[in-house]
Participant: 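Sharing a structure here in structure tokens format.
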Amino acid sequence: MKITLRSQSSTTALATVLMFVALSMVPSVSQAAEECTFTRTLDLGVQGEDVRCLQVFLNENGFKIAESGPGSPGNETTLYQTLTKEAVSKWQAANQITPTVGIFGPISQAAYKLGLAGGGTTPPLSQVPSSPLPTPTTTPQPVVAGAATSASAELAAWFIKTIELIQDAEDAIEDLESGDSFVRATRDLNDAKEEFFKAAKEFFNDDTDGAEGFLEEAYDLAEEAFEEAGGESEESEAEDLLDEVEDLLNDAWDEFDEAEDNDESTGDAEDLLDEAEDLFDDALDAFNDEDYDEAMDLAEEVEDLVKDAQDEIEEGGGDDEESEAEDALDDAWDDFDDAENEIDEAEDDGDDVDDARDLLDEAEDVLNDAEDAFEDEDYDEVLDLIDEAEDLIDEALDEL
């Protein structure tokens, strides 16, 4: 993958990226005596070993659940109750994690992991920013709005794309659960996370070139993990769709040429195929620009145009005399059937339907004559007879 930078609103892009960085992709560490694993949000009523591990962490870091009894150091429990929530709230406030409501969710869990990565002490969120990028000083300070470089803002888009791909890979790996593919995909994913974290550090230090190099490696590794786990990357999906549509377009041109050679009417097929060709070129341009969503949207439009062109070819243009006569004959028989049903219902109700049925019988004879004219390819006669039959059907219904 070669990163292609695009312009974006710097403040919005950076804020988004930094929030993602705060929430994800920190390499596994072992500095703490016991590292907790959190796979869900912890709140009142939740029970499990993850709650007990959290209580141990809080007790050992100055946010005691209780001085004595259940929850106190050495007496941690597996139930998340009011005292645990209060301790979490204090820990959140001390570490500038908002909101400080005592719910141990994704933001708090990310800050916890970053604390382990930093040596066991949770850093204040000024080091895990979700707002403009801090300058690379000993004590991080926020940059004033608009001070971020254009290159950083452009790179932000690729941070987000890489995060999304890593998340897709994680979902695909969870579906595998075990096996050789699971092992290889997990290895590649862990490597991708490490490279991503390196890219984030360079990004924070305003080293765009360094961040780009690590991010490119992270993206490639995440893509390998995703595909190894059986997932299909956006690029691969777009490429497959473009190949399918190109084959469909070529087949349609072959059908068109064959119809032309046989002097058959093709209606608007040529114009539709020309339009499809132009859109297909646009789709290829979008693919080369790595805008895969746009490429797939355009490819689907091409597919619709090609199918419309094929319909024109199969129907001989869709508006020649034969097609018009055939459609009109079908409609007339539908009207005949509807009228016959109405007459039957009226007869069931005890109404006198003799005159109506006689008229409808005449209409049936005329429609049979129209069928014979159609077989003789006398399409003008077909349309005239259909008009006569429709008049008889209307008269029959008027008799009810």
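We number each residue from 1, following the sequence as shown.
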Participant: Taking side chain to side chain contact (heavy atoms under 4.5 Å, CB included) as the definition, give me every residue that meets it alongside Asp394, ordered by chain and number, with sequence neighbours left out.
Facilitator: none
Participant: Same cluster or not: are Leu392 and Leu397 linked, directly or through other Ile, Leu, Val, Met, Phe, Trp or Tyr residues, by side-chain heavy atoms under 4.5 angstrom apart?
Facilitator: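 No; Leu397 is not reachable from Leu392 via cluster members.
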Participant: Could you tell me the separation between the CD atom of Glu342 and the CG atom of Leu360, rounded to the nearest 0.5 Å?
Facilitator: 10.5 Å
Participant: According to a 4.5 Å side-chain heavy-atom criterion applied to Ile, Leu, Val, Met, Phe, Trp and Tyr, with indirect links allowed, do Leu221 and Phe214 form part of one hydrophobic cluster?
Facilitator: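 Different hydrophobic clusters.
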Participant: Under the 3.5 angstrom rule, does the side chain of Ser89 hit a backbone N or O of Lys85 as a donor-acceptor pair?
Facilitator: no
Participant: CG of Leu42 to CZ of Arg40: how many Å apart, nearest 0.5 Å?
Facilitator: 6.0 Å
Participant: If you compare all heavy atoms of Val245 against all heavy atoms of Ala299, which two are closest, and at what distance to 0.1 Å?
Facilitator: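 Taking every non-hydrogen atom into account, CG2-O, 3.6 Å.
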Participant: With sequence neighbours excluded, what pairs up with Phe287 under the ring-ring contact (aromatic ring centres under 6.0 Å, His included) test?
Facilitator: Tyr292
Participant: Is the distance from the ring center of Phe196 to that of Phe159 below 6.0 Å?
Facilitator: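 When the ring centroids of Phe196 and Phe159 are compared, they turn out to be within the sub-6.0 Å range.
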Participant: State whether Glu194 and Lys198 are salt-bridged, where the test is any N-O pair (Lys NZ or Arg NE/NH1/NH2 against Asp/Glu carboxylate O) under 4.0 Å.
Facilitator: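 Salt bridge: no.
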Participant: Regarding Glu312 and Thr266, is there a side-chain donor-to-acceptor distance under 3.5 Å anywhere?
Facilitator: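 On atom types as modelled, these side chains do not qualify, holding no pair under 3.5 Å.
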Participant: Please find the pair of heavy atoms, one from Ile173 and one from Phe182, that lie closest to each other, and give the distance.
Facilitator: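 In this case the closest contact between Ile173 and Phe182 is CG2-CE1, 3.4 Å.
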Participant: What's the spacing between Glu255 CD and Glu264 CD if we round to 0.5 Å?
Facilitator: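 It comes to 11.0 Å.
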Participant: Kindly indicate, with the supporting measurements, whether the criterion salt bridge (charged side-chain N to carboxylate O under 4.0 Å, His left out) is fulfilled by Glu170 and Lys193.
Facilitator: CA-CA 11 Å; Glu170 286 181 328; Lys193 291 180 179 180; 2.6 Å; yes
Participant: Can you tell me how far apart CG (Asp257) and CD (Glu270) are? Round to the nearest 0.5 Å.
Facilitator: 9.0 Å
Participant: Identify the heavy atoms of Ala225 and Ala169 that sit nearest to each other, and give their distance.
Facilitator: CB-CB, 4.2 Å
Participant: In Å and rounded to the nearest 0.5 Å, what is the CD to CG distance from Gln81 to Leu44?
Facilitator: 8.5 Å
Participant: Please identify each residue that fulfils side-chain hydrogen bond (donor to acceptor under 3.5 Å, both in side chains) with Thr41, with sequence neighbours left out.
Facilitator: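 Not a single residue meets the side-chain hydrogen bond (donor to acceptor under 3.5 Å, both in side chains) criterion with Thr41.
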Participant: List in chain and number order the residues that pass side chain to side chain contact (heavy atoms under 4.5 Å, CB included) with Lys90, two or more places apart in sequence or in another chain; answer none if no residue qualifies.
Facilitator: Phe63
Participant: Answer yes or no: is there a donor N or O on one side and an acceptor on the other, between the side chain of Asp352 and the main chain of Asp354, under 3.5 Å?
Facilitator: yes
Participant: Distance only, no hydrogens: is a donor on one side chain within 3.5 Å (strictly under) of an acceptor on the other, for Thr84 and Gln55?
Facilitator: yes
Participant: Closest approach of Ile166 and Ala222, non-hydrogen atoms and distance?
Facilitator: CG1-CB, 3.7 Å
Participant: Once you round to the nearest 0.5 Å, how far does CD of Glu301 lie from CG of Asp282?
Facilitator: 9.5 Å
Participant: Are the side chain of Asn59 and the backbone N or O of Gly71 linked by a donor-acceptor pair below 3.5 Å?
Facilitator: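 Yes, the answer is positive, given that a donor and an acceptor are paired below the 3.5 Å cut-off.
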Participant: Got a sec: does the CD of Glu258 have more than 12 other heavy atoms crowding it under 6.0 Å?
Facilitator: no
Participant: For Tyr112 and Phe38, take the angle between the two ring planes, folded into 0 to 90°, and tell me which bin it lands in: parallel under 30, tilted 30 to 60, perpendicular over 60.
Facilitator: perpendicular
Participant: Return a table of donor-acceptor pairs under 3.5 angstrom between the side chains of residues 365-376 and protein atoms on other chains or two or more places apart.
Facilitator:
residue : atom : partner : partner atom : Å
Asn368  : ND2  : Glu364  : O            : 3.3
Glu371  : OE2  : Trp333  : NE1          : 2.8

Participant: Can you tell whether the side chains of Arg357 and Asp344 come within less than 4.0 Å, N to carboxylate O?
Facilitator: yes
Participant: Answer with yes or no whether the hydrophobic clustering places Leu83 together with Val46; edges join I, L, V, M, F, W, Y residues whose side-chain heavy atoms lie under 4.5 Å apart.
Facilitator: yes
Participant: Quick one: does Gln92's side chain have a donor or acceptor within less than 3.5 Å of a partner on Phe104's backbone?
Facilitator: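 It does not hold such a pair.
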Participant: Testing the basics here: between Leu273 and Trp253, what is the closest heavy-atom pair and its distance to 0.1 Å?
Facilitator: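 Scanning both residues completely, I find the closest heavy atoms to be CB-CZ2, 3.4 Å.
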Participant: Does Glu347 use its side chain to pair, donor to acceptor, with the backbone of Glu345 at less than 3.5 Å?
Facilitator: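 Here the side-chain-to-backbone pair does not exist.
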Participant: Give a yes or no on whether Leu215 and Ile163 share a hydrophobic cluster (residues Ile, Leu, Val, Met, Phe, Trp, Tyr; joining criterion: side-chain heavy atoms under 4.5 Å apart).
Facilitator: yes
Participant: Quick one: list whatever passes side chain to side chain contact (heavy atoms under 4.5 Å, CB included) with Asp348, sequence neighbours left out.
Facilitator: none
Participant: Working note: Leu54 + Tyr80, criterion side chain to side chain contact (heavy atoms under 4.5 Å, CB included); need CA distance, chi angles, decisive distance, verdict.
Facilitator: CA-CA 9 Å; Leu54 174 61; Tyr80 199 108; 3.9 Å; yes
Participant: As a quick check of understanding, evaluate side chain to side chain contact (heavy atoms under 4.5 Å, CB included) for Glu395 and Glu399, giving each step before the final call.
Facilitator: CA-CA 6 Å; Glu395 289 178 29; Glu399 290 292 328; 5.9 Å; no
Participant: Quick one: do Glu76 and Arg52 make a salt bridge, cutoff under 4.0 Å?
Facilitator: no
